[in-house]
Amino acid sequence: MTQNFKGRDIISIRDLSKQDILTILDVAKKLEDKPMPNLMKEKIMATLFFEPSTRTRLSFVSAMERLGGKVLGFENTEVTSVKKGETTWDTIKMIEQYADIIVQRHPIEGAARLAAEASSIPVINGGDGANQHPTQTLLDLYTIKKEKGKLDNLNIGFVGDLKYGRTVHSLCIAMSHFRTKLYFIAPDALQMPKSYLEDLDKKGIPYVIEKDLLKAAKDLDVIYMTRIQKERFPDPVEYNKLKGVYQIDKSLLNHTKKDVKILHPLPRVDEIKKELDDTENAAYFRQAGNGIPVRQAIIALVTGMI
Ligand code: CP
């Protein structure tokens, strides 16, 4: 069943069928339940991070090392020949000879697809600009399934920066494989791009556009908070107008279902108060931990080792 993954790139969540997604989640569960510390022995993963990251890079490194593999790469282009003008294309043409799999993060939308075209080894998109972050989506789905026991018949509320939030874009597409209702909670200037709403219309997925989180809160099974992303705003004046627009604390729980789960791809700035961290509802640190089995599954599947 896992044969069709060998050699594949994971660039956009759109490239994965519902069955592909369920297979990855299933392999992740198996690897979480029964670790395979020698599976990737002799294999090397390259991590090419043209943009800052904590979770994505380190959880990929941890995932690979816990499978017995080795890692090389960079987390800062200042120390690479990119500074001398080397292109992403040429960088990939070198790295494909040094490793068995590439994980790349890049600030430019489409850079992951370009890397995949250049590469003869599998390329995993660790985030490309405001576009896509498919491995985050897979760990988000894994978390929702673990926390709620299912992926169908859930009301999911996306809150914050839905315009530039690549994690929201990827998760919205993925959730459309399941029976779900989506709530997009954002100021007008940060609402979901029209193209994603048109996709949902075509698939007949119900959704609600809302500005007021408290109004929608009582209906939600999952609240997916996001950071207002300063680095994506072309105009700092616009950022200053919108920063801090949603800030949740324990009082939110007076307006929600008792078993609502709060997710966040992290990093957070001020949108979730620390006092929520020790509630059962706060799932965001467990979510970050789920990056390990999910990324292990992706590494093992696309290299054909499982
Ligand atoms: N969630 C996420 O992508 O975090 P990092 O930017 O730290 O990798």
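Positions are given from 1, in the same order as the sequence printed here. Read the numbers this way: they start at 1 and go in the same order the structure lists the ligands and their atoms. Remember, predicted model here, so these are calculated numbers, not experimental data.
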Under the salt bridge (Lys or Arg N to Asp or Glu O under 4.0 Å) rule, what do R8 and D20 come out as? Steps first, then yes or no, please. CA-CA 11 Å; R8 277 176 72 175; D20 289 337; 3.1 Å; yes

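The pair R113-D9 does not meet the salt-bridge criterion, since no charged nitrogen lies less than 4.0 angstrom from a carboxylate oxygen. Ion pair D128/R166 not flagged as a salt bridge, since none of the NZ, NE, NH1 or NH2 atoms sits closer than 4.0 Å to an Asp/Glu carboxylate oxygen. A salt bridge links D277 with R268: the closest approach of a Lys/Arg side-chain nitrogen to an acidic carboxylate oxygen falls below 4.0 angstrom.
In terms of protein heavy atoms, atom 6 (O) of ligand 1 is closest to R105 NH1, 2.8 Å. Nearest non-hydrogen protein atom to atom 4 (O) of ligand 1 is R55 NE, 3.0 Å. In terms of protein heavy-atom proximity, atom 1 (N) of ligand 1 is closest to P265 O, 2.8 Å.
Considering backbone and side-chain N/O of P267, none are found under 3.5 Å from N/O of ligand 1.
The part of L266 lying near ligand 1 is the backbone, judged by heavy-atom distances below 4.0 Å. If you look at R57 next to ligand 1, there are no close heavy atoms at all, none under 4.0 Å.
Counting heavy atoms from C-beta outward, I228 and D161 have side chains that approach closer than 4.5 Å.
For ligand 1, the atoms closer than 4.0 angstrom to any heavy atom of T54 are 5 (P), 7 (O), 8 (O).
The same ILVMFWY cluster, assembled from side-chain heavy atoms under 4.5 Å apart, contains both I205 and M175.
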